[in-house]
Amino acid sequence: MKTISFPTEEEVRQAYHQGEEAVVALFFEMIGNMHILAESVQKIEDRLARNSSNSDKPPSSDGLNKPSPKSLRKRSGKKSGGQPGHKGHTLKAVAQPDRVMVQRLKECQHCQASLEDVEANSHVKRQVFDLPIIRIEITEYRAETKCCPLCGNESKAAFPEGVDQPVQYGPLIKAQAVYFNQYQLLPLERTSEVFADLYGQPLAEATILNAGKEVAEQARPVNEKIKKHLIEKEKVVHFDETGLRVEGKLHWLHTASTKQLTSFMIHRKRGTKAMDDMGILPRMKGRAIHDGWASYMKYDVNHALCNVHHLRRLVFLQERYPQGWELEMADLLLEIKEEVEKTRPEQNYLSPQQVTDFESRYDRLIDQGLQANPLPDQQDGQPKKRGRIKQTPPKNMLDRLRDHKDAVLAFMYDFRVPFDNNQAERDIRMMKVKQKVSGCFRTAKGSTTFCLVRSYISTARKNGQPILGILHMALVGNPYLPAFISQPE
């Protein structure tokens with residue numbers, strides 16, 4: 001950064017005695033320094049003004065000075081609470097309870113006469129849903145050994161598949177260990193405490209880790225099939241990345257997902273090296289939805305940009321650089337979104353006239369913004385600066401909206417494309433919770449195991465599968481795979 005200095009009193013007097021030209025030169029030098037300071041102050045104020053509601057910053061970065069929530073969504077007009085048609089989860093009595101406890105009436109509540117030998121007219125029923133006392137069931141397998149009367153040799157019966165240790169845990173208890181540690185995100189020590197409290201049987205941390213590794217190895221081929229399906233079959237795939245620490249160093253969690261599939265990977269890099277190693281984006285045939293980070297744009301695929309990110313940035317421009325066009329652009333994007341949602345039940349496209357009208361309004365606002373934000377003129381006599389010319393935030397936003405118009409409006413052209421990238425952000429959210437609970441991954445192998453298990457769990461959960469059930473399936477060697485992937489070509 002250039003060091004800013006202002007003339008001393010002696011330098012001012014010296015310029016005064018040297019004449020008009022020296023004073024003018026000194027004056028313009030001071031103006032240049034003030035411009036530099038003004039730009040620095042503007043950058044600092046812009047940085048301080050950014051928060052989760054007007055930029056890409058996460059809510060966790062807002063600290064204690066969290067801004068009042070300002071939703072970018074318009075009111076739906078619906079009342080709060082459950083909507084018509086929602087099934088709900090109200091506790092209801094069952095026809096055949098597991099146990100019936102009859103409360104005997106021994107005496108009259110009015111005259112205290114004995115009623116022990118009187119037959120009841122009817123019963124008033126109340127049902128209590130509770131858990132029985134749970135304890136671990138220990139099964140001992142005894143393999144017979146016999147001596148053959150013909151040949152004299154001894155033979156031994158085979159143990160069931162999977163029973164290969166003198167003492168071991170079964171797949172159900174290991175599935176619960178993975179469930180608490182990898183799905184509910186309990187640290188190893190607390191997972192062990194859960195088993196001690198619930199079953200009176202604390203698990204060793206190594207047992208919990210090994211159970212996770214078993215599920216990860218069984219889920220590995222499933223995750224490869226998920227990646228292949230994302231590459232070859234899916235028309236729209238969501239991408240995102242977020243930072244986390246592995247072995248004390250910054251790494252990046254990458255995700256590629258749809259409403260039914262999830263694929264995670266942790267990598268030391270954030271950009272194209274990681275995306276190449278993940279192997280989905282470079283080869284995919286569908287459309288990639290993301291936040292517009294430069295590394296994504298390097299791939300030769302159809303792109304779609306998250307418009308919630310655009311709305312937040314337009315809010316920031318409205319707060320810091322109000323020019324009028326940014327508010328109209330935000331309203332236009334929301335108007336197109338509303339029109340798409342209104343049209344979707346009847347048909348999967350807007351009329352050509354609607355598309356043309358929205359495009360012309362979009363282009364008009366871009367032109368209006370560019371006129372209000374011209375590039376600075378190169379002054380005569382000044383050396384030409386190398387690299388890209390420094391631009392204002394409004395100009396950067398306008399360039400983005402102009403240069404990637406098709407990606408911004410992809411949701412208008414193709415109704416399969418959503419308005420935002422919320423799917424990827426929802427998939428990443430629980431990974432951030434894991435980071436808050438545990439801080440970081442202690443080993444690279446542990447982070448790889450976590451990604452394999454979470455990809456498997458997330459996919460199963462999206463397809464309505466019980467988590468404990470699919471973990472048990474993996475531990476017995478029959479991992480869950482969605483039917484639409486396992487179907488033959």
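When ring centroids are compared, F484 and H229 come within the 6.0 Å threshold. When ring centroids are compared, F411 and F419 come within the 6.0 Å threshold. The six-membered or imidazole ring of H238 lies away from that of H290, with a centre-to-centre distance of 6.0 Å or more. Aromatic rings of F441 and F450 (six-membered ring for Trp) have centroids within the 6.0 Å cut-off, being under it.
With S192 contributing its side chain and L188 its backbone, the two residues share no donor-acceptor pair below 3.5 Å. Side-chain N or O atoms of K434 include none that pairs as donor or acceptor with a backbone N or O of R429 at under 3.5 Å. Looking only at distances, no side-chain donor or acceptor of K269 sits under 3.5 Å from a matching main-chain atom of H251. H404 contributes no side-chain N or O that, together with a main-chain N or O of R402, makes up a donor-acceptor pair within less than 3.5 Å. In this structure, the side chain of T207 does not engage the main chain of L203 through any donor-acceptor pair within 3.5 Å. With N348 contributing its side chain and R344 its backbone, the two residues share no donor-acceptor pair below 3.5 Å. A distance-only check finds no donor-acceptor pair linking the side chain of Q347 to the backbone of T343 [under 3.5 Å]. D291 contributes a side-chain N or O that, together with a main-chain N or O of W293, makes up a donor-acceptor pair within less than 3.5 Å.
No donor-acceptor contact under 3.5 angstrom links the side chains of Y456 and R220, judged on distance only. Checking D427 against T255 by side-chain atom types alone, no donor-acceptor pair falls below 3.5 Å. There is a side-chain donor-acceptor pair under 3.5 Å between Y199 and Q176. A donor atom on one side chain and an acceptor atom on the other are not found under 3.5 Å apart for Y169 and N210. For the 3.5 Å distance criterion, the side chains of Y480 and Q218 fail to qualify, holding no donor opposite an acceptor.
Heavy atoms only, all atoms of each residue included: P418 and I289 are closest at CD-CD1, 3.3 Å. R287 and H303 get closest at one heavy-atom pair: NH1-O, 3.0 Å. When all heavy atoms of G292 and L305 are compared, the closest pair comes out as CA-CD2, 3.5 Å. Pairing each heavy atom of S257 with each of Q423, the nearest pair is OG-CG, 3.9 Å. Considering every non-hydrogen atom in both T262 and S458, the closest pair reads OG1-OG, 2.7 Å. Contact detail for Q168 and G162: the closest heavy-atom pair is NE2-O, 2.8 Å.
Of the candidates V408, L314, N421, N307 forms a side chain to side chain contact (heavy atoms under 4.5 Å, CB included) with just one, namely V408.
Using the six-membered ring where Trp is involved, F180 and F195 have ring planes that are perpendicular, over 60° apart on the 30 and 60° scheme. Aromatic ring pairs are classed by plane angle as parallel below 30°, tilted from 30° to 60° and perpendicular above 60°; the pair Y179 and Y183 is tilted.
To the nearest 0.5 Å, the span separating OH on Y299 from CD1 on I280 amounts to 11.5 Å. Distance check, rounded to the nearest 0.5 Å: CG of N181 to CZ of R190 gives 11.0 Å. In this structure, CD in E234 is found 14.5 Å from NZ in K228, a value given to the nearest 0.5 Å. The structure places CD of Q182 at 10.0 Å from SG of C451, a figure rounded to the nearest 0.5 Å. Expressed to the nearest 0.5 Å, how far CG of L398 lies from CD of E326 amounts to 9.0 Å. Residue H310 holds its NE2 atom at 4.0 Å from CZ of R400, rounded to the nearest 0.5 Å.
Ion pairing between a basic and an acidic side chain is recognised when a charged N comes within 4.0 Å of a carboxylate O; K106 and E116 show no such pairing. A salt bridge is absent between D276 and K273: the closest approach of a Lys/Arg side-chain nitrogen to an acidic carboxylate oxygen does not fall below 4.0 angstrom. A salt bridge is defined here as a Lys NZ or Arg NE, NH1 or NH2 lying under 4.0 Å from an Asp or Glu carboxylate O, and E154 with K156 fails to meet this definition. Between K342 and E339, at least one side-chain N (NZ, or NE/NH1/NH2) sits under 4.0 Å from a carboxylate O, which counts as a salt bridge. Looking at K146 and E144, a side-chain N of the basic residue comes within less than 4.0 Å of a carboxylate O on the acidic one, giving a salt bridge.
At least one cation-pi condition fails for R454 and F264: the charged atom is not both under 6.0 angstrom from the six-membered ring centre and inside a 45 degree cone around its axis.
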